[in-house]
Participant: 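Handing you this structure, nothing more for now.
All values below were derived from every heavy atom in this structure, side-chain atoms included, with hydrogens, water molecules and symmetry-related copies excluded.
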Amino acid sequence: MFMERVEKINVLYRQGVNINNSEVNYPGFNPCQTIIKAGTIVKEGAPAISNDIIFDRDVAVELRDGAIIYVDIYRPANAKELLPAIIGWSPYGKRDGFITFDNFPFRAGVPQTHISGLDKYEGTDPDWWCSRGYAIVSPDARGAYRSEGKIHIWDKQEGRDGADLVEWIAAQSWSNGKVGMAGTSWLAISQWFVAAEQPPHLTAIAPWEGLDDAYRFCFFNGGISYTGFIDWLLANAPSPGGVEDVSAMMKKYPEFNEYWADKRAEVEKINIPVYAAVSWGGKLHHKGAMEGWHRLNVEDRWLRINNGSEWPDFYNNVSQEDLLRFFDCFLKGMENGWRNTPRVRLTSCDFANRDVANRAESEFPPRYMKDYELFLDGTSNRLVDELPVTSQISYNAESGQTILIATFDKATELTGYAKAHLFVEADGSDDADIFVKLEKLDEDGNVLGRILIPKDEPEYEKDWGDIVELAEGFGRAGFLYDGPWDRMRASRRHMTNDPREQLVYAHEKRLGKGEIVELILTFSATSIIFNPGESMRLVISGTNLTPFAFPGAKPLDLRNKGLHIIHTGKEYPSKLVLPLKNKPSVIIKNFEDKPTTGKEPVEEDTPRLQTSVNQENLGSIEGIWEFSIKTPVGKQSPEINFFYEDNILKGISTNPANGEQTPLEDIVLEENKLKWHQKVTKPVKGNSAFEMTVEGNAMVGKVKIGVFPKADVIAEKK
């Protein structure tokens, strides 16, 4: 780790992955110009290239401080006019880099048949856009691969670098002087920063699913430190110069300061047309993307909110044609009717294949939604219309939850930002980390949701059973939308997390013994239709209800101990404030399978009886083994202690990333073949099946983790 002084803050960096490592997919440095001929198949499973493309590879671009970055440029070979250009800014690789859709189960809902293989991860497909008269510019951001410098994570330096690239493009002989930006996630976050720099030739941007404030809506969302995603990213990013160590900076500077201010884009300065898109199912970016939209001052702004996830939405042809109309209007000057597009288009979720898509609105939330109150009743564990008598609800702070239900007598719609006002006491700790979620129940009390991998894709029909298993298990947070959520650390209770409100970064104020404080939690934006007889339930928990799952990722560092006590009633009016189209009455409905209140910790399944093996095989197995597992989204390195009791082989696996210890189940040892299963509960539940071959003090084999493809495993005995 080494340091660099920037604006009175010592920014920490860490060594990047070597670009010659095969896992980062670097194609090598080869500045040249070639023609990619129509009919070429770039990647197995991809469609053939539709038209001849001029490919300028590893073009050097000098930034204002003298640093050189390298870009790939794709242009239609038959262009007769000067071209507008679209940039996809990120450090992921110019094409097929260290993260691709192949890293995700079922390619995260983006079949290879949809994209040519020329695309960078989360960016526009050059084949699709070149055939429609655009140049696509794909840079390796500062510090990535061969680009000079160090990788910066979501800050104003990226804005300055991107602005320099915009002006360089505008000066090229093939350019019409108009430049746009597009892409999701990192490629959207960077757009807020670049556009805030106001480079003269940046003409329009399309930030789809990109947060605008890393501190408020990612790394310290609700005041709770979260390093799972950034730790995974830092461990895999290729850079000779080094990578900004945000995880270390989070530990060094947990309070908001100049360092974090540099990671809040100055969205109010943006003065060009913006087409933003957000999905209800996006967990990592949703709130920050909505805040970026709310902060915009420019008149020419459009928002579309869909019921899927960012990746299938970005790459489906309907969305691309819509984006094309936006860029054609502003980068080509075409009068194509885009300006008549509703300023807001949203999808209301019914969760029963009756969603209302692309509903036209003039603003979000719609002005006709009115706030109504439902009160928490600790006596009945229900949500009620009238303020109840004083009572309380408690649950185990480390493993429990409580659930309160309201059943509606007539149809209504919840659209906008719901709020929970909770009067909380921490019995056994001086702090409390509270997680909340709103869910829709059908008439029988079943929780409803939408799987975010598109079912209508022919590629997924045969695997739909496995996709359902993924969405309901390990991949729930990433592949299922079942309602809005929020989180809040009680000691940061004065830190607003409403994307519409002026930011407040309050210092910690721990809880005194017996102290009761009001927490105001703003749920992520949503739009859900409730029909007569259907119910809404509020889940309150001390554990993360929307974990963003990466194998081996550390769980949230929580401060929960003892009990959480939610005070309700006249003295402490804990309530939900719901933006509803109309207020239905709450009726009492008893479900046969009543939801748990979470007052008792959930018991884990009892491990099954282990298989007996011959004594002669145990000698080579017994002891501690160090494992290395290469999964599609990162490495895991558990330690497994094999031992035997009464001639029964047993094992305990320890995950060093989070300290979880898991007993091995169904162990079978036949000669040198060793098999077992194990359950994982952190960061989310899942099941693994190992098949290993023992060779002295080494093992090699495969592991199946949930519905992920089988991963390679090697192990050595300590």
Participant: Output yes when Arg107 and Glu459 qualify as a salt bridge under the 4.0 Å nitrogen-oxygen rule, no when they do not.
Facilitator: no
Participant: How long is the gap from CG on Leu521 to CH2 on Trp485, to the nearest 0.5 Å?
Facilitator: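 Atom-to-atom, Leu521:CG and Trp485:CH2 are 14.0 Å apart.
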Participant: Can a donor-acceptor pair be found between the side chains of Lys419 and Thr522 at a distance below 3.5 Å?
Facilitator: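 Side chains of Lys419 and Thr522: pair found under 3.5 Å.
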Participant: Salt bridge check, Glu299 against Arg343: does any charged N sit closer than 4.0 Å to a carboxylate O?
Facilitator: no
Participant: Above 12 or not: heavy atoms from other molecules or residues under 6.0 Å from CD of Glu363?
Facilitator: yes
Participant: Would you mind checking if Lys287 and Asp486 are paired as a salt bridge, meaning a charged N to carboxylate O distance below 4.0 Å?
Facilitator: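 A salt bridge is present here (some side-chain N lies under 4.0 Å from a carboxylate O).
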Participant: Give me the atom names and distance for the closest heavy-atom approach of Pro532 to Glu443.
Facilitator: O-OE2, 3.4 Å
Participant: Restricting to non-hydrogen atoms, name the atom on Gln320 and the atom on Trp129 that form the minimum distance, rounded to 0.1 Å.
Facilitator: OE1-NE1, 2.9 Å
Participant: Are any non-hydrogen side-chain atoms of Leu576 and Leu538 less than 4.5 angstrom apart?
Facilitator: yes
Participant: Whether the Glu122 and Trp311 side chains hold a donor-acceptor pair (N or O, under 3.5 Å, no angle test) is what I'd like checked.
Facilitator: yes
Participant: Are Tyr315 and Phe101 an aromatic pair, judged by ring center distance below 6.0 Å?
Facilitator: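 Between Tyr315 and Phe101, which both carry aromatic rings, the centre distance is below 6.0 Å.
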Participant: Kindly check if the number of other-residue, nucleotide or ligand heavy atoms within 6.0 Å of NZ (Lys589) is above 12?
Facilitator: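 Yes, the 6.0 Å shell around NZ holds more than 12 heavy atoms from other groups.
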Participant: Taking all non-hydrogen atoms of both residues into account, name the closest pair between Gly288 and Asp212 and its distance.
Facilitator: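 In this case the closest contact between Gly288 and Asp212 is O-OD1, 2.9 Å.
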Participant: Indicate whether the side chain of Asp328 and that of Asn336 have a donor and an acceptor atom separated by less than 3.5 Å.
Facilitator: no
Participant: Answer yes or no: does atom CG of Asp557 have more than 12 heavy-atom neighbours from other residues, nucleotides or ligands under 6.0 Å?
Facilitator: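 No - once you tally the heavy atoms of other residues, nucleotides and ligands closer than 6.0 Å, there are 12 at most.
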Participant: Does the pair Asp433/Arg487 count as a salt bridge with the N-to-O cut at 4.0 Å?
Facilitator: no
Participant: Are Arg301 and Trp293 in a cation-pi contact, defined as NZ or CZ under 6.0 Å from the six-membered ring centre and within 45° of the axis?
Facilitator: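 Geometry flag: set, cation within 6.0 Å and 45°.
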Participant: Using the ring centroid of each side chain, check whether Tyr275 and Trp302 are separated by less than 6.0 Å.
Facilitator: no
Participant: Quick check on the 6.0 Å ring-centre criterion: do Phe219 and Tyr226 meet it?
Facilitator: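 When the ring centroids of Phe219 and Tyr226 are compared, they turn out to be at least 6.0 Å apart.
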Participant: Aromatic rings Trp154 and Trp186: how do their planes relate, parallel, tilted or perpendicular, breaks at 30° and 60°?
Facilitator: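 Aromatic pair Trp154/Trp186 classed perpendicular.
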Participant: What distance do Leu578 atom CG and Tyr417 atom OH have between them, rounded to the nearest 0.5 Å?
Facilitator: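 Going from the CG atom of Leu578 to the OH atom of Tyr417 covers 15.5 Å.
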Participant: Could you go through Lys410 and Glu534, starting from their C-alpha distance and side-chain angles, then the distance that decides it, and tell me whether this counts as salt bridge (Lys or Arg N to Asp or Glu O under 4.0 Å)?
Facilitator: CA-CA 9 Å; Lys410 60 185 176 183; Glu534 294 179 335; over 6 Å; no
